[in-house]
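Protein chains get the first letters and strands the later ones, always in sequence-line order, with residue 1 at the start of each. In what follows, every heavy atom counts, from backbone to side chain, and hydrogens, waters and symmetry copies are set aside.
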Protein chains: 2
Amino acid sequence: MTKVAIVGYGNLGKACEKIAVQNKCFELIGIFTRRNPDLLTSPFGTKFYHQKDMDKFKEEVDVLVLCTGSKNDLVPLALRGAEDFNTVDAFDNHNEMKKYVSTLNKVAASHNHLSIVGAGWDPGLFSLMRCLFEGVTGSYAHTFWGEGVSQGHSEAVRGIEGVKRAVQYTLPREDAIVLVKEGRGDHLSNYDKHKRVCYVVADDLADKNAISMQIINMPDYFQGYETEIHFIDEDEFLKDHCHLNHGGKVICSENINEQFVIELDLMLDSNPDFTAIMLMSYAKCADRLYRKGERGARTILDIPVTYLFDDDRLDIISKYL
Amino acid sequence: MTKVAIVGYGNLGKACEKIAVQNKCFELIGIFTRRNPDLLTSPFGTKFYHQKDMDKFKEEVDVLVLCTGSKNDLVPLALRGAEDFNTVDAFDNHNEMKKYVSTLNKVAASHNHLSIVGAGWDPGLFSLMRCLFEGVTGSYAHTFWGEGVSQGHSEAVRGIEGVKRAVQYTLPREDAIVLVKEGRGDHLSNYDKHKRVCYVVADDLADKNAISMQIINMPDYFQGYETEIHFIDEDEFLKDHCHLNHGGKVICSENINEQFVIELDLMLDSNPDFTAIMLMSYAKCADRLYRKGERGARTILDIPVTYLFDDDRLDIISKYL
């Protein structure tokens, strides 16, 4: 039994709560929020506490599951959290990853804790596939995202002043998929393989042009991509843009010496629900690694898959190998 | 630079030789054979030695790459090899895996060596996928093999007295793939999902009925499967049955609570060529793990994917996460 607490009560936090409540291997201690906890209710009767009171629970919680948006909130929260807790997160800013892992490693190790970073599906499952496919074959592993809603990018847009609601769809280009499978896609960048489409509800007095400029020029998230921005009203948004399906592919192929195609294909009805599945399974890993004496920051690339189970290692080998 | 020697000079040994010769990170010391080494030649000018002289090379070789068929030869060879060398193999008898890993672990550890077991594509890549998908989601990961030639099964048939040449094709059933993707395949066994088709050239005086009975009743390999056996002449065999394409899928899906499909799809022009890619990349891993001080037997499930590279761990994380 792993005692968890969740920080943040958006889509991801709610999906993690559901897993923690329904799965016997977890005990959910509570949910930490920056909002007024007295105003929040849960269909499962979970207790809410203010984030500033987090440290009062440090003796009770095995792993803190960080479910806030990574654009602004996650890094300081994780660095503070790792002083008192083991943590797990789905941090999704690829370009900041090295610095984040390195900094968090120092904090977690010096406070005798373990943190697992980037344990969603991308970063996460897809990262593991890219690393494995390229490490084994030496050929480039191409990633395609979508068609689907990117939580990280939507959150980044929602963080802009004057934005009331926003969603960002990522779409793969079919012609690029064909080229990659034929082993002729090495020249393609992420910018060639995708487009980004945003639907935004702006505050009444907001400067839409300023919002558009901030989206298009946002480093790491939008800069360099073909980006479409549509301002719509709230009714249309609520009617057409609240479904969170997503998916993607990692494809590694070679058509010169040895001919092969390795493809990982993911189809999700709900992006946050699957991110929560990843996050909670690595919350269990964090607990196991911590009990084994590991300290510092780890990623999905560092952790043998046998840690996904409580079973004896030889039984896992017998079952899966 | 990893100094390797290869044991066995069939399809897999030849494919490993090609990688070792063409890749700057390997130095190929030689190939060990049970045949008369003076009668073997290599397009790359590789030196051949008799297997009984293996131990004379123990100071020169970092990793011994075991490329003999696993049905009869591999286990004793690995247990003997691990006394003098680090080893890597693609042992493919799932049912014997636990015992093999456990025994080899004792030999390797007590002789201060490291062995990596089952580092092909199945067991190997597919094992890692099954373990990861099930570990993360809790849903069953179905494996489909084919359409393609199974080296392990072909080798097993060739090991029967009176068999001159043999090939075994594994075919997935399309109706089973559809059921699994729809999340309605949990009742399907491997026997429901595949059929096995053998083409056999028998020696002139062989008892074909006895050969058929031995194939059909071979535990772990054929027993329980729908198996077709066709006796053909050597000309037809050489004309139609010498291509070694293969492939398969690992599919994990859920259609009740969270709806998702995760699918790994592998298409190979040559089964031994891709098995060799896996095996040689894990030969590099064996060298790295050994230099780090690890001893005993490991599997692909035990090894973090970062060990597939020489690069600094944080640089790997930065690139792939």
Under 4.5 Å, counting heavy-atom pairs only, tell me which of [options] racks up the most with chain B.
| options | value |
| --- | --- |
| A/Ala141, A/Cys131, A/Pro304 | A/Cys131 |
| A/Val117, A/Ile251, A/Thr299, A/Leu268 | A/Thr299 |
| A/Asn95, A/Asn245, A/Ile262 | A/Ile262 |

Please name all residues satisfying salt bridge (Lys or Arg N to Asp or Glu O under 4.0 Å) with B/Glu27, sequence neighbours left out, ordered by chain then number.
-> none

Compare all side-chain heavy atoms of [X] with those of [Y] and state whether any distance is below 4.5 angstrom.
| X | Y | answer |
| --- | --- | --- |
| B/Asp265 | A/Val261 | no |
| A/Tyr100 | B/Leu321 | no |
| A/Met129 | B/Met129 | yes |
| A/Thr306 | B/Asp302 | yes |

List for me each residue that meets side chain to side chain donor-acceptor pair (under 3.5 Å) alongside B/Gln259, sequence neighbours excluded, and say none if there are none.
-> none

Checking side chain to side chain contact (heavy atoms under 4.5 Å, CB included) against A/Leu308, which of B/Thr137, B/Leu301, B/Leu132 comes through?
-> B/Leu132

At a heavy-atom separation under 4.5 Å, does [X] approach chain B through its side chain, its backbone, both, or neither?
| X | answer |
| --- | --- |
| A/Ala297 | backbone |
| A/Tyr282 | side chain |
| A/Glu134 | both |
| A/Lys18 | side chain |

If a pair satisfies salt bridge (charged side-chain N to carboxylate O under 4.0 Å, His left out) and one of its residues is in residues 266-281 of chain A, list it, with sequence neighbours excluded.
-> none

Of all the residues in residues 312-320 of chain B, which have a heavy atom that comes within less than 4.5 Å of a heavy atom in chain A?
-> B/Arg313, B/Leu314, B/Asp315, B/Ile316, B/Ile317, B/Ser318, B/Lys319, B/Tyr320

Locate the shortest heavy-atom distance separating A/Gly135 from B/Ser281; write the atom from each residue and the value.
-> O-CB, 4.1 Å

